[in-house]
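The next block holds one structure in the form of structure tokens; read it before the comments.
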Amino acid sequence: MLLPLLLALSPAPGPVITNGPVVAVLENRRQPRPDGMDEVQPVATVRVEGKVVGQLMGALRIGPGSIDSVLQVVEMDPSNPYPEVLLSSFTGGAHCCNDTRVLTSSPDGRRWFEVRRDPVNGGPNGASDPLGNGRYLLVDVDNRFLYQFASYAGSSAPSQIWQLDGPRFVDISHRRQMLPLHRRRLEEMESWFRQPADERPEANGFLAAWVATKALVGEFDSGWKRMLGLYDRSSDWGLTSCEAGYNAKGDCRRPEKRYASYPDALRAFLGRTGYLPAAP
């Protein structure tokens with residue numbers, strides 16, 4: 001099996017990646033436009049024992065320059081006889097987006113189909129085997145935390161782990177097997193507490209993610225207590241919330257709710273997003 005490759009724009013087909021009988025070839029297709037710009041799109045063609053079983057079409061970009069993508073042939077769903085083919089590419093934009101598509105087979109291996117993950121913040125990102133058990137997962141961050149209590153630069157987020165199960169991706173972040181990943185994340189976050197207080201900009205953005213991660217490892221109460229002594233009382237970011245969702249015009253469907261304090265807003269947010277521990 002070849003390791004994931006980061007591939008840049010090339011006028012010819014890229015490297016061939018093989019895992020058992022599955023072979024994937026990436027090419028970056030360029031199409032000139034009347035305005036002089038180019039449309040560029042990564043395309044992965046997948047063969048099994050010489051027969052084409054499908055293609056993955058990555059994000060379409062318009063403009064000069066190159067497009068980056070990640071192509072993998074790895075085991076993401078052991079319920080079928082073949083490894084999966086993953087193509088992740090970048091749509092462009094200041095903070096968006098990672099477009100991830102996977103070609104997988106039915107349990108009997110006779111039919112191949114595409115499973116697409118909803119676009120998330122960031123550039124191309126492949127699957128990994130964080131538990132070392134041979135099953136590759138998508139490990140990212142919970143995008144719902146971005147901009148919630150701070151600017152993008154001041155936001156932090158707990159890890160979010162996705163597993164391919166047949167025709168869909170399932171969020172398995174709250175499963176007990178994921179505890180080692182969340183504990184590792186907590187260790188990474190500890191450096192924030194060692195900074196001088198005046199060097200902790202937008203503390204509320206970090207603390208939201210930290211409390212959520214503490215909840216994931218069963219330590220919500222201690223995390224909440226520590227947060228109460230550290231949050232920025234002068235910030236009103238996130239105190240107003242559109243909890244009914246937005247209509248097609250971008251207007252809140254019902255009047256926005258205003259919270260009296262950051263702890264009130266944070267507790268409500270963690271409840272809506274499933275991080276609060278179940279009541280005894």
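Small disclaimer: the values here were computed from a predicted structure and weren't measured. All values below were derived from every heavy atom in this structure, side-chain atoms included, with hydrogens, water molecules and symmetry-related copies excluded.
- Of the possible donor and acceptor atoms, none in the side chain of Glu27 sits under 3.5 Å from a partner among the backbone N and O of Val43.
- The two residues Asn98 and Ser88 have their closest heavy-atom pair at OD1-OG, 2.7 Å.
- Among residue pairs with one or both ends in residues 103-130, those qualifying as salt bridge (charged side-chain N to carboxylate O under 4.0 Å, His left out) are Asp99-Arg116, Arg101-Glu114, Arg117-Asp140; sequence neighbours excluded.
- Between the side chains of Asp142 and Thr273, no donor-acceptor pair is found at a separation under 3.5 Å.
- Electrostatic pairing of Asp251 and Lys249 does not count as a salt bridge here, judged by no charged N lying under 4.0 Å from a carboxylate O.
- A distance of 8.5 Å separates CE of Met57 from OG1 of Thr45, quoted to the nearest 0.5 Å.
- Taking each heavy atom of Leu87 and Gly58 in turn, the nearest pair found is CD2-N, 3.7 Å.
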Using the rule given for side-chain contact (heavy atoms from CB on, under 4.5 Å), can you reason through Asp236 versus Arg258, listing the C-alpha separation, both sets of side-chain angles and the distance that settles it, and then say yes or no? CA-CA 10 Å; Asp236 62 357; Arg258 175 77 182 183; 4.0 Å; yes
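- Each of Leu266 and Val141 belongs to its own hydrophobic cluster when Ile, Leu, Val, Met, Phe, Trp and Tyr are linked at side-chain heavy-atom distances under 4.5 angstrom.
- Hydrophobic clustering (ILVMFWY, side-chain heavy atoms < 4.5 Å, transitive): Leu276 and Val217 are in one cluster.
- Side-chain contact between Leu86 and Tyr136 is absent, with no heavy-atom pair separated by less than 4.5 Å.
- Contact between Val211 and Gly223 at its shortest, heavy atoms only, is CG2-O, 3.9 Å.
- The nearest pair of heavy atoms linking Gly126 to Val70 is CA-CG1, 4.0 Å.
- Met178 belongs to a hydrophobic cluster whose remaining members, ordered by chain and number, are Leu131, Leu137, Val139, Ile161, Val170, Ile172, Leu181; membership requires side-chain heavy atoms of ILVMFWY residues under 4.5 Å apart, directly or through intermediates.
- Taking the salt bridge (charged side-chain N to carboxylate O under 4.0 Å, His left out) definition, one finds that Glu187 meets it with nothing, sequence neighbours left out.
- Annotation for Arg144 and Tyr275: closest pair NH2-CE1, 4.0 Å, computed over non-hydrogen atoms.
- The CG atom of Asn204 lies 12.5 Å from the OG atom of Ser156; values are rounded to the nearest 0.5 Å.
- If you chain together hydrophobic residues whose side chains sit under 4.5 Å apart, Leu56 and Val52 never meet in one group.
- Side chain of Asn80 to backbone of Ser105: a donor-acceptor contact under 3.5 angstrom is found.
- Under the ring-ring contact (aromatic ring centres under 6.0 Å, His included) criterion, Phe269 pairs with Phe145, Phe149, not counting sequence neighbours.
- When the salt bridge (charged side-chain N to carboxylate O under 4.0 Å, His left out) test is applied to Glu256, no partner is found at least two apart in sequence or on another chain.
- A 4.5 Å side-chain heavy-atom check between Thr213 and Ser159 finds every atom pair outside the cut-off.
- Sorted by first and then second residue, the pairs that involve residues 167-248 and meet disulfide (SG to SG under 2.5 Å), not counting sequence neighbours, are Cys242-Cys252.
- Residues satisfying the side chain to side chain contact (heavy atoms under 4.5 Å, CB included) test with Ser261, not counting sequence neighbours, are Pro263, Asp264.
- Ion pairing between a basic and an acidic side chain is recognised when a charged N comes within 4.0 Å of a carboxylate O; Lys51 and Glu49 show no such pairing.
- Under the 4.5 Å side-chain contact rule for hydrophobic residues, Phe220 and Tyr262 share a cluster.
- One finds the NZ atom of Lys214 at 8.5 Å from the CZ atom of Arg183 (value rounded to the nearest 0.5 Å).
- Under the side-chain hydrogen bond (donor to acceptor under 3.5 Å, both in side chains) criterion, Ser235 pairs with no residue at all, not counting sequence neighbours.
- Atom CG of Leu186 sits about 7.0 Å away from atom CD of Glu219, to the nearest 0.5 Å.
- Within the 4.5 Å cutoff, no side-chain heavy atoms of Thr18 are placed close to those of Val73.
- Among pairs with a residue in residues 165-175, those fulfilling side chain to side chain donor-acceptor pair (under 3.5 Å) read Arg135-Asp165, Gln160-Asp171, Gln163-Asp165, Asp171-Ser173, at least two apart in sequence or across chains.
- Distance check: Trp224 CH2 to Arg267 CZ gives 4.5 Å after rounding to the nearest 0.5 Å.
- The closest side-chain heavy-atom distance from Leu216 to Pro158 is below 4.5 Å.
- Between the side chain of Ser89 and the main chain of Ala59, a donor-acceptor pair closer than 3.5 Å is present.
- The OG1 atom of Thr104 sits 8.5 Å away from atom CE of Met76, with the distance rounded to the nearest 0.5 Å.
- In this structure, Glu202 has no salt bridge (charged side-chain N to carboxylate O under 4.0 Å, His left out) partners at least two apart in sequence or on a different chain.
- The side-chain heavy atoms of Ile17 and Gln72, taken from C-beta on, include no pair separated by under 4.5 Å.
- Residues Arg61 and Phe90 are in side-chain contact: their nearest non-hydrogen atoms beyond the backbone lie under 4.5 Å apart.
- For Arg226, the side chain to side chain contact (heavy atoms under 4.5 Å, CB included) criterion is met by Glu190, Phe193, Trp210, Leu230, not counting sequence neighbours.
- Proximity of Asn125 to Thr100: side-chain heavy atoms (C-beta onward) are nowhere separated by under 4.5 Å.
- Side-chain atoms of Glu84 come within 3.5 Å of backbone atoms of Asp77 as a donor-acceptor pair (strictly under, hydrogens ignored).
- Among residue pairs with one or both ends in residues 98-124, those qualifying as ring-ring contact (aromatic ring centres under 6.0 Å, His included) are Tyr82-Trp112; sequence neighbours excluded.
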